[in-house]
Q: 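Can you keep this structure in mind? I'll have questions shortly.
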Amino acid sequence: MTEAYDIAIIGAGPAGSTLARELAAKRADMKIILIDGQSSKTPKPCGGLLSPDAQKVLARFGLTLPNSILADPQIFAVETIDLKEKLVRYYQRHYLNMDRYAFDKWLISLVPQSVDLCQEKCISATQRNATFILRLRSGREISAKAIVGADGASSIVRKNFFRPCSKKYVAIQQHFQSMSDLLPCYSCIFDSRTSDSCSWSIRKGTDIIFGGAFDIKSGRKYFDKQKKHLEEMLKIELGEPIKTEACLVCSPRSPHDLICGRAGIYLIGEAAGFISSSSFEGISSAMLSGKLLADAIADSSNEDQTIKSYRKKCRKLQLKLYSKILKRAVLCSPFLRKSIMKSGIMSVKKYNLC
């Protein structure tokens with residue numbers, strides 16, 4: 001038996017859960033289902049840092065993080081490392097370190113009970129006339145007047161109804177036992193021999209995470225090479241990983257990669273391409289786009305008005321993300337990056353502990 005809804009939100013990360021929460025508060029007359037395909041066994045690989053932009057969005061919502069979500073240590077700087085050029089610079093930044101899976105579940109807990117929460121994976125999305133049919137892994141079938149793709153880089157909604165993002169990477173990360181002071185609390189790593197994008201290392205409680213974005217076809221090969229380059233430069237041995245995680249990640253390269261959707265089919269968060277191509281920070285854009293779509297739906301009387309309103313509301317966000325595309329072009333250019341790091345501009349001097 002097919003269950004009918006006014007709107008089905010596929011994906012319950014920061015984008016989907018924000019939309020569900022905001023829309024339920026604005027449109028009590030709508031029947032909404034939120035489909036959460038993530039489980040504790042297969043969490044999304046993520047460094048788990050809340051950037052200043054994400055902190056600002058949380059502040060605008062009036063939300064404060066429970067202590068149970070936070071992880072030690074808190075971070076006040078990023079150590080930027082160019083492995084090929086053997087350059088290191090230290091830049092002041094402030095990030096909140098957290099458990100990303102716990103963060104996502106906390107956001108879901110804020111969704112009103114009037115929203116039906118379905119903890120299953122959606123495996124197909126098709127359109128029959130003016131209705132959308134979703135099939136879940138269990139065989140359950142759902143129909144909806146409108147659907148929202150909030151399901152990240154591998155979005156079923158975007159794959160079935162829109163052009164894909166022009167550039168994707170495989171994000172691979174491994175967890176290791178803590179290396180004490182041998183690795184910085186947070187580092188941004190570049191190595192033009194293995195990737196034209198960035199990597200990272202982050203301390204997380206008693207563990208340290210090393211990960212990065214790599215070419216999809218040869219990702220694991222170059223991940224292992226880069227890890228070896230890091231060990232050689234810092235004269236450390238990470239040892240055997242506790243666990244290895246991987247997923248696809250979008251890297252928008254042009255305005256055409258940022259898609260709001262069309263009447264009755266909407267995209268938010270990374271599914272829309274709303275993610276920084278320079279740092280892969282996507283939580284702030286995910287929550288903001290969820291809020292903007294909720295406002296557009298609440299303010300409109302039909303689907304044509306909704307998509308026009310949503311596109312208009314997203315213009316400022318899209319302009320910001322265009323700037324990230326330009327920033328990526330600079331940071332990921334070996335010549336420009338080397339010149340900037342050698343100049344020391346915007347960097348801070350790290351004191352030696354006595």
Side-chain angles (χ1 to χ4, degrees), residues 46-47 49-56 75-95 153 165-173 184 186-202 210-216 219 222-223 225-226 229-230 233 248-259 270 272-286 288 314-350:
C46 176
L49 298 181
L50 271 178
S51 71
D53 283 346
Q55 294 172 42
K56 183 177 180 180
I75 295 168
F76 301 100
V78 55
E79 195 160 318
T80 301
I81 303 171
D82 189 315
L83 295 176
K84 183 180 179 183
E85 301 298 333
K86 293 183 168 49
L87 291 172
V88 178
R89 287 292 181 184
Y90 202 62
Y91 299 92
Q92 191 277 321
R93 298 287 189 274
H94 178 236
Y95 298 91
C165 185
S166 59
K167 180 64 178 179
K168 292 182 182 179
Y169 293 97
V170 57
I172 305 173
Q173 66 179 26
Y186 174 42
S187 67
C188 182
I189 301 163
F190 296 95
D191 183 4
S192 58
R193 298 164 295 183
T194 54
S195 176
D196 64 353
S197 188
C198 64
S199 297
W200 54 85
S201 71
I202 304 169
F210 169 68
F214 299 87
D215 179 74
I216 292 175
Y222 285 114
F223 170 82
K225 282 189 174 183
Q226 189 178 113
H229 293 161
L230 179 67
M233 178 174 170
L248 292 180
V249 61
C250 290
S251 180
R253 298 299 169 87
S254 77
H256 299 294
D257 285 333
L258 310 181
I259 300 176
E270 192 177 353
F274 295 163
I275 184 172
S276 169
S277 59
S278 62
S279 67
F280 299 111
E281 192 281 319
I283 292 175
S284 60
S285 298
L288 180 57
C314 283
R315 285 175 187 167
K316 186 176 179 180
L317 172 60
Q318 289 174 318
L319 285 173
K320 181 177 180 180
L321 293 172
Y322 297 160
S323 72
K324 301 295 184 180
I325 294 172
L326 298 176
K327 182 179 179 181
R328 183 211 167 272
V330 172
L331 292 178
C332 294
S333 163
F335 173 76
L336 294 176
R337 182 174 63 246
K338 180 180 178 180
S339 300
I340 293 169
M341 292 184 70
K342 279 198 167 185
S343 74
I345 187 171
M346 302 298 289
S347 67
V348 296
K349 184 178 180 180
K350 187 175 182 181

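As the structure is a computational prediction, the values presented were derived from the model and not from experiment.
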Q: Do Trp200 and Cys188 have side-chain heavy atoms sitting under 4.5 Å apart?
A: no

Q: Taking all heavy atoms of Leu258 and all of Gln318, pick out the closest pair and write down the distance.
A: O-NE2, 3.7 Å

Q: Within the 4.5 Å heavy-atom criterion, are Lys167 and Ser277 side-chain neighbours or not?
A: no

Q: Can you find a pair of side-chain heavy atoms, one from Glu79 and one from Val88, that are under 4.5 Å apart?
A: yes

Q: Return the minimal non-hydrogen interatomic distance between Gly273 and Leu321, and the atom names on each side.
A: O-CD1, 4.3 Å

Q: Taking C-beta and beyond as the side chain, do Ile325 and Pro252 meet within less than 4.5 Å on heavy atoms?
A: yes

Q: Where is the tightest heavy-atom contact between Met341 and Thr80, given as atom of each residue plus distance?
A: CE-O, 3.4 Å

Q: For Ala329, is there any backbone N or O sitting under 3.5 Å from a side-chain donor or acceptor partner on Ser333?
A: no

Q: With a cut-off of 6.0 Å (strictly less than), are more than 12 heavy atoms of other residues, nucleotides or ligands near NE2 of His256?
A: no

Q: Please walk me through it: do Arg328 and Asp196 pass side chain to side chain contact (heavy atoms under 4.5 Å, CB included)?
A: CA-CA 10 Å; Arg328 183 211 167 272; Asp196 64 353; 3.8 Å; yes

Q: Should we say atom NZ of Lys84 is surrounded by more than 12 heavy atoms from elsewhere, each under 6.0 Å from it?
A: no

Q: State, to 0.1 Å, how close Ser197 and Cys332 come at their nearest heavy-atom pair, and which atoms those are.
A: CA-SG, 4.0 Å

Q: Do you know the tightest heavy-atom contact between Gly211 and Ser199?
A: O-CB, 3.1 Å

Q: Tell me if a side-chain donor or acceptor on Asp191 pairs with a main-chain N or O of Leu83 at a distance below 3.5 Å.
A: no

Q: With a 3.5 Å distance limit and no angle check, can you tell me whether Arg193 reaches the backbone of Tyr222 through a side-chain donor-acceptor pair?
A: no

Q: Will you find, in the side chains of Ser278 and Ser276, an N or O donor that is under 3.5 Å from an N or O acceptor?
A: yes

Q: CG/Leu319 to SG/Cys314 distance, rounded to the nearest 0.5 angstrom?
A: 11.0 Å

Q: Between atom OG of Ser51 and atom NZ of Lys56, what is the distance when rounded to the nearest 0.5 Å?
A: 11.0 Å

Q: For the pair Tyr169 and Phe280, name the ring-plane relationship: parallel under 30°, tilted 30 to 60°, perpendicular over 60°.
A: perpendicular

Q: Once rounded to the nearest 0.5 Å, what's the spacing between atom CE of Met346 and atom CD1 of Ile340?
A: 11.0 Å

Q: To the nearest 0.5 Å, what is the distance between CZ (Phe76) and CD (Gln92)?
A: 9.0 Å

Q: Do side-chain atoms of Ser323 reach the backbone of Lys320 as a donor and acceptor pair under 3.5 angstrom?
A: yes

Q: Quick one: NZ on Lys168 to OG on Ser166, what's the gap to the nearest 0.5 Å?
A: 10.5 Å

Q: Is the shortest heavy-atom distance from the side chain of His94 to the side chain of Gln55 under 4.5 Å?
A: yes

Q: What's the spacing between Ile81 CD1 and Cys198 SG if we round to 0.5 Å?
A: 12.5 Å

Q: Is there a donor-acceptor pair closer than 3.5 Å between any side-chain N or O of Glu270 and the backbone N or O of Ala286?
A: no

Q: For a quick test of reading the model, state the closest non-hydrogen atom pair linking Gln226 to Ile189 and the distance between them.
A: OE1-CG2, 4.0 Å

Q: Does the side chain of Val249 reach to within under 4.5 Å of the side chain of Ile275, using non-hydrogen atoms?
A: yes

